[in-house]
Amino acid sequence: MKQTILCLALCLSFPLMAQREATVAIHPEQGKQVIPKEIYGQFAEHLGSCIYGGLWVGEDSPIPNTKGYRNDVLEALRKLKVPVLRWPGGCFADEYHWMDGIGPQENRPRLVNNNWGGTVEDNSFGTHEFLNLCELLGCEPYVCGNVGSGSVEELAKWVEYMTAEQGGPMAKLRKENGREKPWKVKYIGVGNESWGCGGNMRPEYYADLYRRYSTYCRNYDGNQLFKIASGASDYDYNWTEVLMRNVGGRMDGLSLHYYTVNNWEDKGSATEFTDEDYYETIGKCREIEDVLRRHIAIMDKYDPQKQIGLMVDEWGTWWDEEPGTISGHLFQQNTLRDALVAALTLDIFHRYTDRVRMTNIAQIANVLQAMVLTDGDRMLLTPTYHVFEMYNVHQGATFLPLELTCERRIVRRDRIVPMVSATASRDKEGVIHISLSNIDLNEAQVVTISLDNLPVRSVNGRILTSARIGDHNTFDRPDLVKPEDFKGAKLTSGGLRVELPAKSVVTLTVR
C-alpha cells in the first residue's frame, strides 16, 4: 500500500514566510498492511568499536556488564525494542570463520580485520556471544554466512552447530562448549555484497553459488530458516533481474544496500555542512523510494505473489570519519540531520511493506549512523536513536494510507524535496500514531490532519528538534538533542491542527 504525496510547487525566489501550510488526509478504515517489526532491525559488524567496546567489554571489564555485555548499552537497546540484529557483517562476514570464535575464549586464535583498519581481534565475541546477546535483547538473530572465502561445508556445519538438537558432531561440539539446547536462528544470509567485498562476483556466478550454498543450509529440529540472498547495491537493477530469474523461489529474501552518500570520494563532515549540503542529503535520502520501486517492479515480474521479501539490510548515512579517530573504523558523529534522514527513510519503508520485510540500519554502535556512542565507561544516545525510540510505536501496527499535500523545494542535482513527511499506523488497541517531519530549516509548518471523520478524544506527542541542524550529543553534552513533550497539536472539528516547528520530528498519539 503506497502513500500519495501531492506537493505544491515552491519557487525559491519567493520571500520567506513565517510558516507554511500542509494537509494530511489519513484513512483509518483502509489500513490493511501490517508494518513488520523487522523494519526496525539493527546491524552489528566487526568494525571499529561496534562490537568490542560498543556491545562487548568482557566479564573482567571494570565497565558494568552482564556476562560481558555493557549494561548501559543493553538497557538502551531494550528501550528501542530491537526486533532483529544482523551479524557478523558486512564485508567482515566473508572473511569470518566461525570455528575461530567458539570454545574457551583464551584459546581462540587472533584475527586481523583486513577490511576495517587491520585491527587485531581476539575472537572473544563469537557465535555463543552473539546468539546469547540476541536472547538478552529478545530479538531475532540474522547470521550472515561466509561465501566469499568460506566453503559450503563450513556454512552447513555452522547452521548445524547453532540449530541442531542432537545426533550430529556439531550439536555435540556445541554442548561441549557449554550450550546444551540449540538456539532458534530464523534469518541466514548467504554471503554479503558478493558483487564487491564479498568476492567481486558476477550475478550469474553468484546465483549458482547461492543455489549450492543454500541447499546445505538445512532445517533442524523445528528450526525454519529464512534464507536471504546477497542482493544489489543502490541502482544495480541487473543484479536483481539475474537473481530473480536464476534463483527465484529458492530464496526467501533478497537483500538491497542503500547509503545516503552524495559523493563517495568526498562524503563530507558529519557535523560541519551548509544548508545546501543538508537539502542535498535529504534529496539523496528520499531517492531510496524510486530505487525501491524499480527493484520491486523487477521482483513483481518474476514473483507477482510477493513471496520473496526485499531486505534492505544496510542503509543510513555515511560521512567522513571524525578527525583524530582510527582510520578504517568509520566512527562518525550523528546530528539532527541524521535523525531526519532516519525518519524520512522509515516513512518510506512503511509504504512498501508488501515487499520490504526487513531493514537494518548501519550500525548499532560507534559506526556510521549509530544508535549509541561509547567512550570507555561512558555512553550517549544519538539523535537517530531517539527517532527509532519515538517510532517504535509503529512496530507491528497497521499502516494507514494517507495523502500529503505540502510545498516542495528543488535542491542540488534537480531533486525535488517535499518539506513535510508523514506516516501513520494503528496499533492492536486501536490507538493511532502519526509521525511528522518538517524538513524546512527555517519555517514552521501548520499541518491540518483529517481522519475520515473518526472521532478523536485526545492527542499528545513528543518532538525531537534543536537550535541548529548540526547539533549533536557529546559526552560533555549528552542531552543536547533529545525528545521533549510536544504541545503543538490541537483537536479540531475535523481532526487535528499541528504547528510543526522547523527541522523537527514529531510523533503523536491519537485516541
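All values derive from a computational prediction rather than experimental measurement.
A heavy-atom distance below 4.5 Å is found between the side chains of F349 and L292. L368 has its side chain within reach of Q332: a pair of non-hydrogen atoms, C-beta onward, lies under 4.5 Å apart. Using a 4.5 Å heavy-atom cutoff, the side chains of V420 and T405 are not in contact. Side-chain contact between K227 and M251 is absent, with no heavy-atom pair separated by less than 4.5 Å. For the pair I51 and F130, the minimum side-chain heavy-atom distance is 4.5 Å or more.
Applying the disulfide bond (SG atoms under 2.5 Å apart) test to C134 and every residue at least two apart in sequence or in another chain returns nothing. Taking W319 as the reference, nothing meets the ring pair (Phe, Tyr, Trp, His ring centres under 6.0 Å) condition, with sequence neighbours excluded. Partners of Y385 according to the ring pair (Phe, Tyr, Trp, His ring centres under 6.0 Å) rule, which considers only residues two or more places apart in sequence or in another chain, do not exist here.
Closest approach of N238 and P203 over heavy atoms only: ND2-CG, 4.0 Å.
Sorted by first and then second residue, the ring pair (Phe, Tyr, Trp, His ring centres under 6.0 Å) pairs with a member in residues 280-311 read Y237-H295; sequence neighbours excluded. Sorted by first and then second residue, the pairs that involve residues 466-477 and meet side-chain hydrogen bond (donor to acceptor under 3.5 Å, both in side chains), not counting sequence neighbours, are S466-D471, R468-D471. Residue pairs meeting the side-chain hydrogen bond (donor to acceptor under 3.5 Å, both in side chains) criterion with at least one member in residues 357-368, sequence neighbours excluded, are E45-Q363, S49-N366, W315-T359, N366-T374.
A salt bridge between E287 and R413 is absent, with no side-chain N of the basic residue lying under 4.0 Å from a carboxylate O of the acidic one. The pair E38-R86 does not count as a salt bridge, with every side-chain nitrogen at least 4.0 angstrom from each carboxylate oxygen. Between K186 and E140 there is no salt bridge, since no side-chain N of the basic residue sits under 4.0 Å from a carboxylate O of the acidic one. Of the charged side-chain nitrogens involved, at least one lies within less than 4.0 Å of a carboxylate oxygen, so that R412 and D277 count as a salt-bridged pair. Taking 4.0 Å as the cut-off between side-chain N and carboxylate O, E499 and R497 count as a salt-bridged pair. Note on E75 versus K79: salt bridge recorded, some NZ/NE/NH1/NH2 to OD/OE distance being below 4.0 Å.
One side chain, R293 or Y352, offers a donor N or O that lies under 3.5 Å from an acceptor on the other. No side-chain donor-acceptor contact under 3.5 Å links Y206 and N246. Judged by distance alone, the side chains of T384 and Q369 do bring a donor and an acceptor atom under 3.5 Å apart. Checking D313 against H257 by side-chain atom types alone, a donor-acceptor pair falls below 3.5 Å.
Applying side chain to side chain contact (heavy atoms under 4.5 Å, CB included) to L436 and the options T507, V505, I449 leaves one that passes, I449. When each of Y258, F331, Y259 is paired with W318, the ring-ring contact (aromatic ring centres under 6.0 Å, His included) condition holds for Y259 and for no other.
Side-chain N or O atoms of T465 include one that pairs as donor or acceptor with a backbone N or O of K503 at under 3.5 Å. Counting only distance, with no hydrogens or angles, the side chain of N438 and the backbone of P501 share a donor-acceptor pair below 3.5 Å. In this structure, the side chain of N263 does not engage the main chain of G268 through any donor-acceptor pair within 3.5 Å.
We find the CD-NZ distance between E135 and K184 to be 11.5 Å, quoted to the nearest 0.5 Å. To the nearest 0.5 Å, atom OG1 of residue T345 and atom CD1 of residue I39 are 11.5 Å apart. Between L256 atom CG and E314 atom CD the span is 10.5 Å, to the nearest 0.5 Å. From E484, atom CD reaches atom OG of S504 across 13.0 Å, with rounding to the nearest 0.5 Å. Of the inter-residue distances, the one linking L77 atom CG with L136 atom CG reads 11.0 Å to the nearest 0.5 angstrom. Within the model, atoms CE of M244 and CD1 of I308 stand 3.5 Å from one another, a figure rounded to the nearest 0.5 Å.
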| Are R286 and R415 close enough, and set up right, to give a side chain to side chain contact (heavy atoms under 4.5 Å, CB included), and what steps lead you there? | CA-CA 9 Å; R286 289 191 53 86; R415 293 180 177 128; over 6 Å; no
| request: Mind running side chain to side chain contact (heavy atoms under 4.5 Å, CB included) on V481 and T382 for me, showing each step along the way? | output: CA-CA 8 Å; V481 186; T382 68; over 6 Å; no
| task | Please lay out, stage by stage, how E321 and L330 fare under the test side chain to side chain contact (heavy atoms under 4.5 Å, CB included). | result | CA-CA 5 Å; E321 294 170 325; L330 305 191; 3.4 Å; yes
| request: Assess whether side chain to side chain contact (heavy atoms under 4.5 Å, CB included) is satisfied between V82 and F388, documenting all intermediate values. | output: CA-CA 9 Å; V82 175; F388 269 70; over 6 Å; no
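Using a 30° and 60° split on the angle between ring planes, H394 and H350 fall in the perpendicular class, above 60°. Relative ring orientation between Y391 and Y40 is described as tilted, the plane-to-plane angle lying within the 30° to 60° band.
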